[in-house]
There are 2 protein chains.
Amino acid sequence: MAQHGPRTRRQILRAALKRFANGGYAATSVQQIVDDAKVSKPALYYYFRDKAGLFQALVSEAHDERLQVVQQAAARGRDFRGQLVEILAALFDYFHQNRELTRIAFATAFAAPGEVPPDLLYLDRCQRNLEFIRSLIKRAQADGELGDRFDSRDLAYGFYGQAHLYIAAHLLMPDYRLNRRAAERIVDLFLTGAGAKKKRG
Amino acid sequence: MAQHGPRTRRQILRAALKRFANGGYAATSVQQIVDDAKVSKPALYYYFRDKAGLFQALVSEAHDERLQVVQQAAARGRDFRGQLVEILAALFDYFHQNRELTRIAFATAFAAPGEVPPDLLYLDRCQRNLEFIRSLIKRAQADGELGDRFDSRDLAYGFYGQAHLYIAAHLLMPDYRLNRRAAERIVDLFLTGAGAKKKRG
DNA sequence: CCATAAACCTACCGAACGGTAGGTAACAAA
DNA sequence: TTTGTTACCTACCGTTCGGTAGGTTTATGG
């Protein structure tokens, strides 16, 4: 039995993904994971240092993958609006195909500090994503594609916030479709505003 | 010792608030809470049916309070923009003064289903808040204060999404100030858009 | 054919968990 | 003075937790 090592590891990761996504970190026991993966507990501890190590392996992978998805999507966009649409559509598609990983990413981002194994990388990686968006915005402002009425930080927050509330809503209400048309609507709302008829001042 | 009942109950709730906010539900033990509150474990089980009951009492209270804050703020606004600014400023102020409750509210909203005691009221109450915002938007559209280029649902999501990302950011980075000026900036960004100079089509 | 290492296994550990049995002190009503 | 109720207490229950000690099987290199 010394040949199917990586397969066992993948089975453990897959079972852990399902359990952590549906039960959270603290409420999921190692026993449940190894039962699902049909391996023994020492098999898990052979591949991962401890429960926290298993979890971190899972989350790190998810964050890196997400950043890659965003960057590749941005590269596909011709102009600024196109970039935003591509990013949003890619994120929607990614999250649609990786619901459980998404669930974990959100849960850890908003979880209480002590709930999840302490790892400063989470915040770093979230901020790196935001900074990437912001850099796109700065460039668009420099190129004149985007006005400079608003600070690039506010704009990045605004866009990213809208995007993630939609994704969160998709988590809570799976029937709400997040496709390319939705992405275009959201980008336009962000770029041109809700459409207020001025009435004050 | 048959007179200071309510005080004990409050002490338990206060200790539970701190613990649940910093450690999450599953990772917080009943023992920690009663130690902090300087009461015995049966005292806790005298006032609350079980651990889940204690948690639900805490969260229900938080959600109701938040809805009240939003509704009162909306009543203060003269026009639509004023309503949005009041709502946002009130939310920022509330969250600033109730960081721990906020932390719990976010964590439960985004938590895995099995992490937190099952209670369908969470989703209901979140949606009720969103529906209230949407009703304001619908009215503004009917009154002509707001264009009808976008669906009221999209607008409600957009506005609420921006608001909550700021609040989430405030949780993660406490030094980022959320005051009335920030509220006005965010509302204007929502209403008039990022300011795209059209370049395509 | 044997030694070594990888890849696990069964069986179990001490600690911590949520929750409770059973008793008690303090006041209220009778 | 008794009785009942409220508001707890100490001590402990059975279960489950994360983690490990120590043995076993399988492939491989010499």
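For clarity, every value in this text was computed on a predicted model and none was experimentally measured.
Taking every heavy atom of residues 19-43 of chain B and every atom of DNA chain C, pairs under 4.0 Å involve B:Thr28, B:Ser29, B:Val30, B:Lys41, B:Pro42, by number.
Residue pairs meeting the side-chain hydrogen bond (donor to acceptor under 3.5 Å, both in side chains) criterion with at least one member in residues 131-141 of chain B, sequence neighbours excluded, are B:Arg134-B:Ser152. Residues in residues 19-34 of chain B take part in these salt bridge (charged side-chain N to carboxylate O under 4.0 Å, His left out) pairs, two or more places apart or across chains: B:Arg19-B:Asp36.
In this structure, B:Leu44 places its CG atom 10 Å from P of C:dG18, rounding to the nearest Å. The NZ-C1' distance, from A:Lys51 to D:dC17, rounds to 9 Å in whole Å. The interatomic distance linking A:Leu54 (CG) with D:dG19 (C1') rounds to 14 Å, in whole Å. As a whole-Å value, the separation of B:Asp50 CG from C:dT20 P is 8 Å. Rounded to whole Å, the distance from CD1 on B:Ile12 to P on D:dA7 is 12 Å. Between the P atom of D:dT5 and the OH atom of B:Tyr46 lies a distance of 12 Å, rounded to the nearest Å. We find that CZ of A:Phe55 is positioned 14 Å from P of D:dG18, with the value rounded to whole Å.
Residues B:His164 and A:His164 keep their aromatic ring centres 6.0 Å or farther apart.
With D:dC8, C:dG19, C:dA7 as the candidates, the nucleotide lying closest to the side chain of B:Tyr45 is C:dG19.
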